[in-house]
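Below is one structure, written out as structure tokens; comments come after it.
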Amino acid sequence: QVQLVESGGGLVQAGGSLRLSCAASRSIPSSNAMGWYRQAPGKQRELVAIMSIHTANYADSVKGRFTISREYAKNTVDLQMNSLKPEDTAVYYCKAYRASIGYWGQGTQVTVSS
């Protein structure tokens, strides 16, 4: 099993910044995808940003504001969130793939006040 532990969530004002971090308990190969999803109240879980050594993908709603990064040797993935908006409020989940199995973190709450 792989445990994914997120940190960095919290309450921020609109226009502020927050950096989320996720650490995997086991090795996540650089060729495997690792990234972030979010789920707002009453909405479906959606991709925020995900990347591997081959590709990176962002939701249109966060392009230009959020940046995903990985430290492959440390099996971590971060999400730098700038210019936060109230609509970014959601539970953010780390996701990683290892040995063809997808794993989810427990989620961390991000609340952006207007």
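Along the sequence shown, the residues carry numbers beginning at 1. Just so it is clear, the model here is predicted, and its values are computed rather than measured.
The salt bridge (charged side-chain N to carboxylate O under 4.0 Å, His left out) contacts involving residues 20-30 comprise nothing, where partners must be two or more places apart or lie in separate chains. For the ring-ring contact (aromatic ring centres under 6.0 Å, His included) condition, no pair includes a residue of residues 83-103, sequence neighbours left out. Screening residues 16-100 for disulfide (SG to SG under 2.5 Å) gives Cys22-Cys94 as the qualifying pairs, with residues at least two apart or on separate chains. Counting only residues at least two apart or on different chains, the salt bridge (charged side-chain N to carboxylate O under 4.0 Å, His left out) pairs with a member in residues 41-53 are Arg38-Glu46. Pairs engaging residues 91-114 under the salt bridge (charged side-chain N to carboxylate O under 4.0 Å, His left out) rule: none recorded [sequence neighbours left out].
A salt bridge links Asp60 and Lys63; the closest N-O separation between the charged side-chain nitrogens and carboxylate oxygens is under 4.0 Å.
Without hydrogens or angle criteria, Glu6 side chain to Thr108 main chain gives no donor-acceptor distance under 3.5 Å. Panel note: side chain Thr89, backbone Thr111; no donor-acceptor pair is recorded below 3.5 Å.
Under the 4.5 Å side-chain heavy-atom criterion for ILVMFWY residues, no single connected hydrophobic cluster contains both Val91 and Leu4. Under a hydrophobic-cluster definition in which Ile, Leu, Val, Met, Phe, Trp and Tyr are linked whenever side-chain heavy atoms come within less than 4.5 Å, directly or via other members, Ile50 and Val77 are assigned to different clusters. Both Leu84 and Val48 belong to a single network of hydrophobic side chains, linked directly or stepwise wherever heavy atoms of I, L, V, M, F, W or Y lie under 4.5 Å apart.
The shortest heavy-atom contact between Ala90 and Ala40 is CB-N, 3.8 Å. Between Asn82 and Ser17, the closest heavy-atom pair is OD1-OG, 2.9 Å. Looking at every heavy atom in both residues, Pro86 comes nearest to Ser114 through CG-CB, 3.8 Å. Considering all non-hydrogen atoms of both residues, Ala49 and Tyr58 come closest at CB-CD2, 3.6 Å. Taking every heavy atom of both residues into account, Val5 and Gln106 meet most closely at CA-OE1, 3.8 Å.
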Show me, pair by pair, the donor-acceptor contacts under 3.5 angstrom made by side chains of residues 67-76, not counting sequence neighbours?
unit_1, atom_1, unit_2, atom_2, d
Arg70, NH1, Asn32, O, 2.6
Arg70, NH1, Met51, O, 2.9
Arg70, NH2, Pro29, O, 3.4
Asn75, OD1, Ile28, N, 2.9

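Note: Tyr37 and Trp104 meet the aromatic proximity criterion, with ring centroids under 6.0 Å apart.
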Next on the checklist: Between Asp88 and Arg65, is the side-chain contact (heavy atoms from CB on, under 4.5 Å) condition met? List the steps.
Outcome noted: CA-CA 11 Å; Asp88 294 319; Arg65 298 188 298 121; 2.8 Å; yes
Item to check | Leu20 vs Met81, side-chain contact (heavy atoms from CB on, under 4.5 Å): CA-CA, chis, key distance, verdict | outcome: CA-CA 8 Å; Leu20 305 182; Met81 304 185 294; 3.7 Å; yes
Item to check | Full working for side-chain contact (heavy atoms from CB on, under 4.5 Å) between Ser31 and His54 | outcome: CA-CA 7 Å; Ser31 59; His54 305 295; 3.7 Å; yes
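For Asp78 and Gln80, the side-chain atoms include no donor-acceptor pair closer than 3.5 Å.
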